[in-house]
Amino acid sequence: MIGALIGFVVGLIEYRLVTGVVVGALRRTDSSQTQAEKDDYERRIRLLKAAVLVVSVGGLPIVGYFVGRALFG
């Protein structure tokens, strides 16, 4: 369980770092002309952030749990 907790904390840190860098880069390259295009772009950014959240915060605790079980029984 300690491995899962460590994986969760690492996942949160990774989520903040990755989304900060990626979303910042995406917003700099936004070439939307209308409000509808801008809203669609922001919707896609929210979907990307949700996917990264599921993978990092959802996946790393599972990996941490199995690594902890393999190393420490």
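Residue Phe72 is grouped with residue Val67 when hydrophobic side chains (ILVMFWY) are merged at heavy-atom distances under 4.5 angstrom, including chains of intermediate members. In the hydrophobic cluster analysis, where Ile, Leu, Val, Met, Phe, Trp and Tyr join through side-chain heavy atoms closer than 4.5 angstrom, Val55 is grouped apart from Val52. In terms of hydrophobic clustering, with Ile, Leu, Val, Met, Phe, Trp and Tyr side chains grouped at heavy-atom distances under 4.5 Å, Val23 and Val54 are assigned to different clusters.
Looking at Leu60, Leu5, Val57 one by one, the single match for side chain to side chain contact (heavy atoms under 4.5 Å, CB included) with Val10 turns out to be Leu60.
Every pair passing side chain to side chain donor-acceptor pair (under 3.5 Å) that includes a residue from residues 43-59 is listed here, sequence neighbours excluded: Asp40-Arg43, Asp40-Arg44. Within the structure, salt bridge (Lys or Arg N to Asp or Glu O under 4.0 Å) pairs that include any residue of residues 24-34 comprise Arg27-Glu42, Asp30-Lys38 (at least two apart or interchain).
The two residues Ser32 and Tyr41 make their nearest non-hydrogen contact at OG-CB, 4.0 Å.
One finds the CG atom of Leu71 at 13.5 Å from the CZ atom of Phe66 (value rounded to the nearest 0.5 Å). Annotation: the span from Leu53 atom CG to Glu14 atom CD amounts to 11.0 Å, rounded to 0.5 Å.
In the displayed structure, Leu47 atom CG is contacted under 6.0 Å by more than 12 heavy atoms of other residues, nucleotides or ligands.
Val22 meets the side chain to side chain contact (heavy atoms under 4.5 Å, CB included) test with Val18, Leu26, Leu48; sequence neighbours excluded.
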